[in-house]
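Below: the structure, in structure tokens.
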Amino acid sequence: MTTRVRFAPAPTGFLHVGSARSALFNWLYAQSTGGEMILRIEDTDAALRKPEFIDAIVKPLQTLGITWDEGPYYQSQRKQFHVDAVEQLVASGNAYFCNLTRDEADALAKEAGLPGGYHGWSRDKGIEDGPDCVVRFRTPDEGEIVIDDVIRGEVRFNTAELEDFVIRRSDGSPTFLVANAVDDADMSISHVIRGEDLLNTTPKVMLLWDALDLGEKPTYAHLPLLVNEQRKKLSKRRDDVSLMDFLSKGYLPEAMVNHLALLGWGPPDEKEIRPISEIIELFKLENVNKGSAFFDVTKLNHINGEYIRALPVETFIEMAEPFVYGVDTEITWDKDNYKPEVFEMVAGDVQQRVSTFSEIPHFISWLFTDAVEYDTESKGWNKGLRKAKKAPEILDGIAEAFADVQWTGEAMNAAVSEVGDRLEVRSQVPARIAITGTNAGIPLWDAAATLDRDVVLRRLAAARALL
RNA sequence: GCCCCCAUCGUCCAGCGGCCUAGGACGCCUGCCUUUCACGCAGGUAACACGGGUUCGAAUCCCGUUGGGGGUGCCA
């Protein structure tokens, strides 16, 4: 039997990293078992039926290289099957109509001194269907549902503790629980791989599955949650988790996928950064962890840096385009001042130093602006220039030498070293700070030679004035 | 409250009863390389939550405690 998995997101906006991880693990499992993957949009709630949200899911998946064999299917388009299932459940006595609002049910429970949840007040009341009626599933008063989870082992639920949950809203639309059971059966899903936050809904789906007589159930695997620094489930509201945002900030899809694969799973040989083909080969669903994992951007940065450095420099230059022309990110220079040939010259040096593409401007902005800003509060400025021995003399000496030095990197470098030798101090760092504004950066002189002589002289004077 | 899940360095992962004086990676620190920074290289820092069992032997199995998380919607 070929394995068939599905990624079934609710279209509630942009795809976030947690969903992407779920999609990825489904995909990894399908790939590693030679199975098939289905994309199914869970839009049973009318409020979710927005076409722009579909793009927000499909596009990032494609960018990440997560492919599917069928779909996207839309649950909204399969509504009739779900409606039929609800009718069947009512006819068989497994479900009944209920006209209580949530508030009324809560009030009744409070009055009766019962804990939260719905206690089956409308059971056996013979309520007829009407405009304000929902359909509820009659959960068994006794018995146990056992989920044999690939990742967690056996998980047991006492059916008496399951409330009579709603399977059809008062507007006539069936809920995702019904859609889940019916669609997973129709689509011959063999493995349901999803986040642990859905674990509690699984016994309900299984109850429906049996009541609907849908045949063999899929195998379940509940992935550990991705959490933030406070160890709370990643949420769109409070966390920065839009996948597309990461991509447009200059994270490579391959690096993102690699990082995501390492959250909740690890290769037995401990080699973390590796091509997706190897990850597929090594991936075992039963080896996935149970504990939640912190989505650590610091580690992502490292992985991304590794991937960037591995790029051919021509590719790096090509991919850097949006970031040097300010398409998606801010640039600090006037677009007319940008010189592509200068960037191409230093690209290899920049490539070695960035962990995301969005850091590129930081390393090259001094090449495309007239004046640089000096952060006189920074450690670099203070340690490298202000407190440097004979700093004023160094800058004066360089300015003097630069007035008529041959304008090549080699000659400039030599002149600066000569000033340092004469004063018996280190002159390179002070020069760098005066010219670029910072003590850290790409090899200086060949790049600096692309600037006009008077621009450099002005910067030397400006820095000198701040001492 | 009730139900469910989880628990190895700060973080991610390895470990599936003896190979563990617990390994790798990120981070952090030190040194080397270097006219800066980074890369690279060589080191260092740092964990089996606690308490009971089981066993000749437990990070690994069982129970409890504590801690964390998820769910508890006419969202999915």
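In what follows, every chain begins at residue 1, and chains take the letters A, B, ... in the order their sequences are listed.
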Taking any heavy-atom pair under 4.0 Å as a contact, classify [X]: base, sugar-phosphate, or nothing.
{"X": "A/S427", "value": "nothing"}
{"X": "A/E161", "value": "sugar-phosphate"}
{"X": "A/G264", "value": "sugar-phosphate"}
{"X": "A/K271", "value": "nothing"}
{"X": "A/V134", "value": "base"}
{"X": "A/Q75", "value": "nothing"}

Look at the side-chain N and O atoms of [X] and state whether any lies under 4.0 Å from the OP1 or OP2 oxygen of [N].
{"X": "A/K233", "N": "B/rG69", "answer": "no"}
{"X": "A/R102", "N": "B/rG73", "answer": "yes"}
{"X": "A/R231", "N": "B/rC12", "answer": "yes"}
{"X": "A/N289", "N": "B/rA14", "answer": "yes"}

Seminar exercise, completed: From the list A/I433, A/T436, A/V372, A/L395, side-chain contact (heavy atoms from CB on, under 4.5 Å) partner of A/R459 resolves to A/V372
Tell which nucleotide pairs with [N], taking only Watson-Crick or G-U wobble pairs whose two distances are both under 3.5 angstrom.
{"N": "B/rA46", "result": "none"}
{"N": "B/rG10", "result": "B/rC26"}
{"N": "B/rU60", "result": "none"}
{"N": "B/rC74", "result": "none"}
{"N": "B/rC32", "result": "B/rG40"}

Minimum-distance nucleotide (side-chain atoms of [X] versus [options]):
{"X": "A/F294", "options": "B/rG69, B/rU11, B/rA76", "answer": "B/rU11"}
{"X": "A/N200", "options": "B/rG27, B/rC4, B/rA76", "answer": "B/rC4"}
{"X": "A/T44", "options": "B/rG71, B/rC12, B/rA76", "answer": "B/rA76"}

Exercise. Taking 4.0 angstrom as the limit, do A/D141 and A/R123 come out as a salt bridge?
Worked result: yes
For this session: Check each of A/D184, A/D183, A/N26 against A/R6 using the side-chain hydrogen bond (donor to acceptor under 3.5 Å, both in side chains) test, and report the only one that passes.
Result: A/D184
Exercise. Is the shortest heavy-atom distance from the side chain of A/V83 to the side chain of A/K79 under 4.5 Å?
Worked result: yes
For this session: In whole angstrom, give the distance that lies between atom CZ of A/R194 and atom C1' of B/rG71.
Result: 13 Å
Restricting to nitrogen or oxygen on both sides, can you table the protein-nucleotides 31-38 of chain B pairs closer than 3.5 Å?
{"from": "B/rU35", "atom 1": "O2", "to": "A/Q428", "atom 2": "OE1", "distance (Å)": "2.8"}
{"from": "B/rU35", "atom 1": "O4", "to": "A/N413", "atom 2": "ND2", "distance (Å)": "3.1"}
{"from": "B/rU36", "atom 1": "O2'", "to": "A/N439", "atom 2": "O", "distance (Å)": "2.4"}
{"from": "B/rU36", "atom 1": "O2", "to": "A/R432", "atom 2": "NE", "distance (Å)": "3.1"}
{"from": "B/rU36", "atom 1": "O2", "to": "A/R432", "atom 2": "NH1", "distance (Å)": "3.3"}
{"from": "B/rU36", "atom 1": "O2", "to": "A/N439", "atom 2": "O", "distance (Å)": "3.3"}
{"from": "B/rU36", "atom 1": "O2", "to": "A/G441", "atom 2": "N", "distance (Å)": "3.0"}
{"from": "B/rU36", "atom 1": "O2", "to": "A/G441", "atom 2": "O", "distance (Å)": "3.2"}
{"from": "B/rU36", "atom 1": "N3", "to": "A/R432", "atom 2": "NH2", "distance (Å)": "3.0"}
{"from": "B/rU36", "atom 1": "N3", "to": "A/G441", "atom 2": "O", "distance (Å)": "2.7"}
{"from": "B/rC37", "atom 1": "O2", "to": "A/R353", "atom 2": "NE", "distance (Å)": "2.5"}
{"from": "B/rC37", "atom 1": "O2", "to": "A/G441", "atom 2": "O", "distance (Å)": "3.2"}
{"from": "B/rC37", "atom 1": "N3", "to": "A/R353", "atom 2": "NE", "distance (Å)": "3.2"}
{"from": "B/rC37", "atom 1": "N3", "to": "A/R353", "atom 2": "NH2", "distance (Å)": "2.5"}
{"from": "B/rC37", "atom 1": "N4", "to": "A/R353", "atom 2": "NH2", "distance (Å)": "3.3"}
{"from": "B/rA38", "atom 1": "O2'", "to": "A/Q352", "atom 2": "O", "distance (Å)": "3.1"}

Exercise. With no hydrogens and no angle check, is any side-chain donor or acceptor of A/S292 less than 3.5 Å from a backbone partner on A/V227?
Worked result: no
